[in-house]
Amino acid sequence: MMQTFKSTNVLRSSLTARPVSRVQRVSVVTQSAAGNWFPGSETPAHLSSSSLPGNFGFDPLNLGKDPEKLKWYAQAELQHARWAMLGVAGVLGAEATGHDWFTAGSQEYFADSKTLFAIQMFLMAWVEIRRLQDMRKPGSANQDPIFSNNKLPDGNEPGYPGGIFDPAGFAKGDVNTLKLKEIKNGRLAMVAFLGFIAQHSATGKGPLTNLADHLADPWSNLVITNGVSVPFATHDGITSFW
């Protein structure tokens, strides 16, 4: 009996001396970089600290590793975006007024097409050279060399001259938000203009006409039924082979 009592006390003391281990559950939450173009993707090192408008970490070919080239690419994208927005508006406006935008270059104008082309090349060269000077040395092209009364505000950024190029005074508001909206709309316009060209090549029609045809008969007027866009597509018993 005494032996049993001792054994019981030893067992109790050993249980009391041992710390009780507790199992803790740890939840690990992974989060992608905020605003990245692809969820979960890592932002390239050369873009992680960049304040460029519309920077979503997209550079799969690492074209912007060189800081100087990155500046050039940013300006090139901005200019292409602005021209694309003008182009999209021009395409829609031309078709809305009954003109074929695709053949607009072959129309008769107030002057010979070759003369207009030469004038355009001269004016564009002047503007682009001035823009290149401003990009290489910001502020160097602020003063108009011909009209001395025209001067851009000091401290402006390349690509965002302000002054007479901002008659509505938008730059007085939230400029960074406006820059982001501009580059987003510009990127969409570049894709849209490429779509306009593809549409006309496939159907011979403008975007508004194609939209009207699709709305009139959505199941018959699709990208797979124009006979060009999708190879081996069958429509009305006819198979297209490009």
Among residues at least two apart in sequence or on other chains, which ones pass salt bridge (Lys or Arg N to Asp or Glu O under 4.0 Å) with [X]?
X    : answer
E68  : K71
R82  : E182
D154 : K151

So if you build clusters from Ile, Leu, Val, Met, Phe, Trp, Tyr with side-chain heavy-atom gaps below 4.5 Å, do [X] and [Y] land together?
X    : Y    : value
F122 : I119 : yes
M85  : L92  : no
V88  : I197 : yes
L86  : M124 : yes

Where [X] and [Y] come nearest, the two heavy atoms and their spacing:
X    : Y    : result
G186 : A84  : O-CB, 4.3 Å
A94  : W101 : CB-CB, 4.1 Å
L178 : F170 : CD1-O, 3.4 Å
P207 : F196 : CB-CE2, 3.5 Å
G57  : P44  : O-CD, 3.4 Å

Exercise. Residues two or more places apart in sequence or in another chain: which of them pass side-chain hydrogen bond (donor to acceptor under 3.5 Å, both in side chains) with D174?
Worked result: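 With sequence neighbours excluded, D174 shows a side-chain hydrogen bond (donor to acceptor under 3.5 Å, both in side chains) to T177, given in chain and number order.
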
Exercise. Excluding sequence neighbours, so at least two apart, what forms side-chain hydrogen bond (donor to acceptor under 3.5 Å, both in side chains) with D213?
Worked result: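 Checked D213 against side-chain hydrogen bond (donor to acceptor under 3.5 Å, both in side chains); matches are K205.
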
Exercise. What pairs with F58 under ring pair (Phe, Tyr, Trp, His ring centres under 6.0 Å), at least two apart in sequence or on another chain?
Worked result: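 In terms of ring pair (Phe, Tyr, Trp, His ring centres under 6.0 Å), with neighbours along the sequence ignored, F58 is linked to W37.
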
For this session: Only counting residues at least two apart or in another chain, list the ones meeting ring pair (Phe, Tyr, Trp, His ring centres under 6.0 Å) with F102.
Result: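 Testing F102 for ring pair (Phe, Tyr, Trp, His ring centres under 6.0 Å), a comparison that skips the adjacent residues, returns H200.
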
Indicate every side-chain donor-acceptor pair of residues 187-194 with a distance under 3.5 Å to a residue at least two apart or in another chain.
{"from": "R187", "atom 1": "NE", "to": "E77", "atom 2": "OE2", "distance (Å)": "2.7"}
{"from": "R187", "atom 1": "NH1", "to": "G54", "atom 2": "O", "distance (Å)": "3.0"}
{"from": "R187", "atom 1": "NH2", "to": "G54", "atom 2": "O", "distance (Å)": "3.1"}
{"from": "R187", "atom 1": "NH2", "to": "E77", "atom 2": "OE1", "distance (Å)": "3.4"}
{"from": "R187", "atom 1": "NH2", "to": "E77", "atom 2": "OE2", "distance (Å)": "3.3"}

Hey, what do you get for [atom1] ([X]) to [atom2] ([Y]), rounding to the nearest 0.5 Å?
X    : Y    : atom1 : atom2 : answer
H214 : S220 : NE2   : OG    : 10.5 Å
L180 : N185 : CG    : CG    : 9.5 Å
L152 : D134 : CG    : CG    : 8.0 Å
K65  : L70  : NZ    : CG    : 13.0 Å
I183 : F56  : CD1   : CZ    : 10.0 Å
K69  : H46  : NZ    : NE2   : 12.0 Å

Less than 4.5 Å apart, any side-chain heavy atom of [X] and any of [Y]?
X    : Y    : answer
K114 : F117 : no
D166 : K172 : no
P145 : R130 : yes

Donor-acceptor under 3.5 Å ([X] side chain, [Y] main chain):
X   : Y    : result
Q75 : P158 : yes
N55 : L47  : yes
N36 : F38  : no

Exercise. Quick one: side-chain hydrogen bond (donor to acceptor under 3.5 Å, both in side chains) pairs with a partner in residues 89-98, sequence neighbours left out?
Worked result: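 Matches after skipping sequence neighbours: E95-T209, T97-H99.
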
For this session: Would you list the pairs meeting ring pair (Phe, Tyr, Trp, His ring centres under 6.0 Å) in which at least one residue belongs to residues 67-96, sequence neighbours left out?
Result: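 Every candidate ring pair (Phe, Tyr, Trp, His ring centres under 6.0 Å) pair involving residues 67-96 fails, so no pair, neighbours aside, qualifies.
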
Problem set entry | Sequence neighbours excluded, every pair satisfying ring pair (Phe, Tyr, Trp, His ring centres under 6.0 Å) that has a member inside residues 141-165 |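 The answer is none; no pair qualifies.
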
Exercise. Do any pairs count as a salt bridge (Lys or Arg N to Asp or Glu O under 4.0 Å) and have a residue in residues 44-59, sequence neighbours left out, and if so which ones?
Worked result: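 Non-adjacent pairs meeting salt bridge (Lys or Arg N to Asp or Glu O under 4.0 Å): zero.
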
